[in-house]
Visitor: 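Got a structure here, written out as structure tokens. Questions coming.
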Amino acid sequence: MKESSHTDILIIGGGMAGGLQALLLTDKSLAEQGFTVRVLDGAPAPAWPEGEPAARVSTLSEASHWLLRHAGAWERLRPERVQGYTAMRVWDQDGTGEVAFDARDAGAEYLGWLLENDHLTAALYAAAGERDNLDWQCGKAATAIRREGGRWRVEAGGDTFTADLLIGADGARSRVRELAGIPGGPRNTGHHALVATIDTELPHGGCARQVFMDSGPLALLPLFSAQEGGPGQQCSIVWSAWPERVEELMALDDDAFGAALTRATGAALGQARVRGRRAVFPIQERHASAYVGPGLALVGDAAHVIHPLAGQGINLGFLDAAVLAEELGRARQAGLPVTEPAVLARYQRRRRADNLVMQNAMRGFKLLFERQELPVRWLRNSGLNLVNRLAPARHAFMHRALGRAGDLPRTARPVAR
């Protein structure tokens, strides 16, 4: 087995969170000459998506937008496959509660952006190609990970790699988290998510929509249009519901499913028609009992997984990566090693509580909209209408959704022009 060169930091997982982490750590403006970083990922090299939109998409907040700009990845995205949205409408299916948000009220150009996960990973990988101190290796799944003499040794693809700090960005079933003996769930939410791309009779108008039903929330997320589609008449849907309901929906043919979707949304965009295959995955929550260990840190889904009803999962993961990079950069400037326990503890302190608040908030929203007792429904929907009428309340919600709240790292703030 061949011994490879040593790096300061080794990241296991080359997805969205791991890719951004690598770019931020090798940014020379962050920590003098930057760190030497290696990414190991078992998947093939990311490829630019073509043709029809992929079913798995992410919603990016304003903070994530600035992080990607700082990292040099945003400008590599293909504009024709990025859909910004300027408005959001949320309502209860019984029609008695609704709230609408507009980017202009928050002094923002967009409330967020929709793009395919594969597209974002490809942009991160392309930006990584220009970093001299970054080695991103694909098709290199870690087969052995161990800590020896204060450093990590990782075997992958017939090679052995060593590093001082190991970062687990390897998803919800993180091997790095398991190796460290850190409990991390899972906890079943009772929901499965059905995802698909749909055509709509009416244009989405750059508005994200979400309807809450007895069985769970249904999100209609505006997408760019494929070559065959009309302008602004494609959406990605995430239909979260009890497993039995999802099974019923999957058993329908395309016409019947489109009709069920149209009814569920109150024909908000006219008649809906499914485009391509539908996919289902169980929704589980996870939250690691610790984000750090000796010479080790977790980011993204390796540290936490929340219900997708607010589309905040990857945004929280990006903030993890940014805060960890910021704390490691400060350590470098202070002459401290990347494995300094106090440095890693500051990262955990800044991120774990904030992520837990968001996870509990999503759990609370889900439980609130499942309750069908008349007093609870009245209180819930009256609250929606009150928020809709009160500008300060709407602004507070938008402030959080845009990623402007909390202990933000420098790289999540606007780039100086």
Visitor: Y291 vs Y347 aromatic rings, parallel, tilted or perpendicular, using cut-offs 30° and 60°?
Guide: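 If you compare the ring of Y291 with that of Y347, the planes turn out tilted.
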Visitor: For K140, run the side-chain contact (heavy atoms from CB on, under 4.5 Å) check against I12, V39, L40 and tell me which one passes.
Guide: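 Among I12, V39, L40, the one meeting side-chain contact (heavy atoms from CB on, under 4.5 Å) with K140 is L40.
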Visitor: Using every non-hydrogen atom in the two residues, find where P53 and T197 come nearest and quote the distance to one decimal.
Guide: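 Heavy atoms only, the tightest pair is O-OG1, 3.8 Å.
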Visitor: Looking at CG of L221 and CG of L115, how far apart are the two atoms once the value is rounded to the nearest 0.5 Å?
Guide: 11.5 Å
Visitor: Any cation-pi pair here, R78 with F224, using under 6.0 Å and within 45°?
Guide: no
Visitor: Is any side-chain heavy atom of S64 less than 4.5 Å from a side-chain heavy atom of I314?
Guide: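 No; the side chains remain at least 4.5 Å from each other.
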Visitor: Spell out, as yes or no, whether a donor-acceptor pair under 3.5 Å connects the side chain of D102 to the backbone of A87.
Guide: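 Checking the backbone N and O of A87 against the side chain of D102, no donor-acceptor pair under 3.5 Å is found.
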Visitor: Taking R209 for its side chain and C207 for its backbone only, find out whether a donor-acceptor pair lies under 3.5 Å.
Guide: yes
Visitor: Between atom CG of N355 and atom NE2 of H287, what is the distance when rounded to the nearest 0.5 Å?
Guide: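 N355 atom CG to H287 atom NE2 measures 5.5 Å (nearest 0.5 Å).
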Visitor: Return yes when atom CZ of R146 has more than 12 non-hydrogen atoms of other residues, nucleotides or ligands closer than 6.0 Å, and no otherwise.
Guide: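 Above 12, so yes.
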Visitor: So do I198 and R275 actually touch side chain to side chain, heavy atoms under 4.5 Å?
Guide: no
Visitor: Tell me whether the NZ or CZ atom of R38 lies within the 45° cone about the ring axis of F161 and under 6.0 Å from its centre.
Guide: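 No, R38 does not sit over the ring of F161.
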Visitor: Hey, what do you get for OG1 (T339) to CG (L296), rounding to the nearest 0.5 Å?
Guide: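 So the gap between those two atoms works out to 11.5 Å.
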Visitor: Heavy atoms only: give me the nearest N315-T59 pair and the separation to one decimal.
Guide: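 Reported closest heavy-atom pair: ND2-O, 2.9 Å.
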Visitor: Examine distances only and state if a side-chain atom of S289 and a backbone atom of I182 form a donor-acceptor pair shorter than 3.5 Å.
Guide: no
Visitor: Please walk me through it: do L166 and R147 pass side-chain contact (heavy atoms from CB on, under 4.5 Å)?
Guide: CA-CA 10 Å; L166 185 70; R147 188 162 168 79; over 6 Å; no
Visitor: Are more than 12 heavy atoms from other residues, nucleotides or ligands located less than 6.0 Å from atom CD of E247?
Guide: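 No - once you tally the heavy atoms of other residues, nucleotides and ligands closer than 6.0 Å, there are 12 at most.
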Visitor: Report the C-alpha distance between L25 and D8 in whole Å, list the side-chain angles of each, state the deciding distance to 0.1 Å, and finish with yes or no for side-chain contact (heavy atoms from CB on, under 4.5 Å).
Guide: CA-CA 10 Å; L25 287 170; D8 296 322; over 6 Å; no
Visitor: About how many Å separate CZ of R273 and CD of Q234, when rounded to the nearest 0.5 Å?
Guide: 9.0 Å
Visitor: With a 4.0 Å cut-off, would you call R175 and D170 a salt bridge?
Guide: no
Visitor: Minimum heavy-atom separation for A172 to V305, with atom names?
Guide: CB-CG2, 3.8 Å
Visitor: Taking the side chain from H192 and the backbone from R245, do they hold a donor-acceptor pair closer than 3.5 Å?
Guide: no
Visitor: Using a 4.5 Å cut-off on heavy atoms from C-beta on, say whether the side chain of H65 contacts that of L60.
Guide: no
Visitor: Is there a side-chain contact between R286 and D301, using heavy atoms and a 4.5 Å cut-off?
Guide: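 Answer no - side chains too far apart.
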Visitor: Specify whether W74 and W113 have parallel, tilted or perpendicular ring planes, treating 30° as the upper limit for parallel and 60° as the lower limit for perpendicular.
Guide: perpendicular
Visitor: Starting at OG1 of T26, measure out to CG of D135 and round the result to the nearest 0.5 Å.
Guide: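 Output value for this atom pair is 11.5 Å.
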Visitor: So D320 and H304, do their side chains get closer than 4.5 Å, heavy atoms only?
Guide: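 Result yes, sub-4.5 Å side-chain heavy-atom pair found.
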Visitor: Would you check if the side chain of E98 reaches a backbone N or O of W91 as a donor-acceptor pair within less than 3.5 Å?
Guide: no
Visitor: Walk me through whether R410 and E326 qualify under salt bridge (Lys or Arg N to Asp or Glu O under 4.0 Å).
Guide: CA-CA 8 Å; R410 175 183 60 81; E326 186 168 84; 5.1 Å; no
Visitor: If only atom types and distance count, is the side chain of Q21 paired as donor or acceptor with the main-chain N or O of A321 below 3.5 Å?
Guide: yes
Visitor: Could you walk me through whether R330 and V343 pass the side-chain contact (heavy atoms from CB on, under 4.5 Å) check?
Guide: CA-CA 9 Å; R330 289 173 178 169; V343 172; over 6 Å; no
Visitor: Check step by step if side-chain contact (heavy atoms from CB on, under 4.5 Å) holds for S61 and F318.
Guide: CA-CA 10 Å; S61 67; F318 277 179; over 6 Å; no
Visitor: So R56 and F281, do their side chains get closer than 4.5 Å, heavy atoms only?
Guide: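 Yes; the side chains approach each other to less than 4.5 Å.
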Visitor: Below 4.5 Å, heavy atoms only, C-beta onward: do D354 and D407 meet side chain to side chain?
Guide: no
Visitor: Has the side chain of Q233 got a donor or acceptor atom that lies under 3.5 Å from a matching backbone atom of D199?
Guide: no
Visitor: Would you name the heavy atoms of V338 and L328 that are closest together and state the gap between them?
Guide: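 Result for this residue pair: O-CD2, 3.5 Å.
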Visitor: Check this for me: does any side-chain nitrogen of one of E116 and R81 sit under 4.0 Å from a carboxylate oxygen of the other?
Guide: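 The answer is yes: the pair qualifies as a salt bridge.
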Visitor: Salt bridge or not between R173 and E178? Use side-chain N to carboxylate O under 4.0 Å.
Guide: no
Visitor: Are V37 and I167 close enough that some pair of their side-chain heavy atoms sits under 4.5 Å apart?
Guide: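 When only atoms from C-beta onward are counted, I167 and V37 do not touch, as no gap falls below 4.5 Å.
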Visitor: Judged by atom type as modelled, is there a donor-acceptor pair below 3.5 Å linking the side chain of W239 to the main-chain atoms of L261?
Guide: no
Visitor: Indicate whether any N or O donor in one side chain lies under 3.5 Å from an N or O acceptor in the other, for T36 and N133.
Guide: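 The answer is no; no qualifying pair exists.
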Visitor: Are R351 and E327 close enough for a salt bridge, meaning some N to O gap below 4.0 Å?
Guide: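 No, R351 and E327 are not salt-bridged.
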Visitor: Using modelled atom types only, decide if a donor and an acceptor are shared between the side chain of R131 and the backbone of L23 within a distance under 3.5 Å.
Guide: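 Yes.
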Visitor: What pair of heavy atoms forms the shortest contact from H191 to G216, and how long is it?
Guide: CE1-CA, 3.7 Å
Visitor: Can you name the nearest heavy-atom pair linking A297 to L324, along with the distance?
Guide: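 The pair with the smallest heavy-atom distance is CB-CD2, 3.9 Å.
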Visitor: State the CD-CG distance between Q271 and D255, to the nearest 0.5 angstrom.
Guide: 11.0 Å
Visitor: So, T7 side chain and A163 main chain: donor-acceptor pair closer than 3.5 Å or not?
Guide: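 Looks like no, no N/O pair under 3.5 Å.
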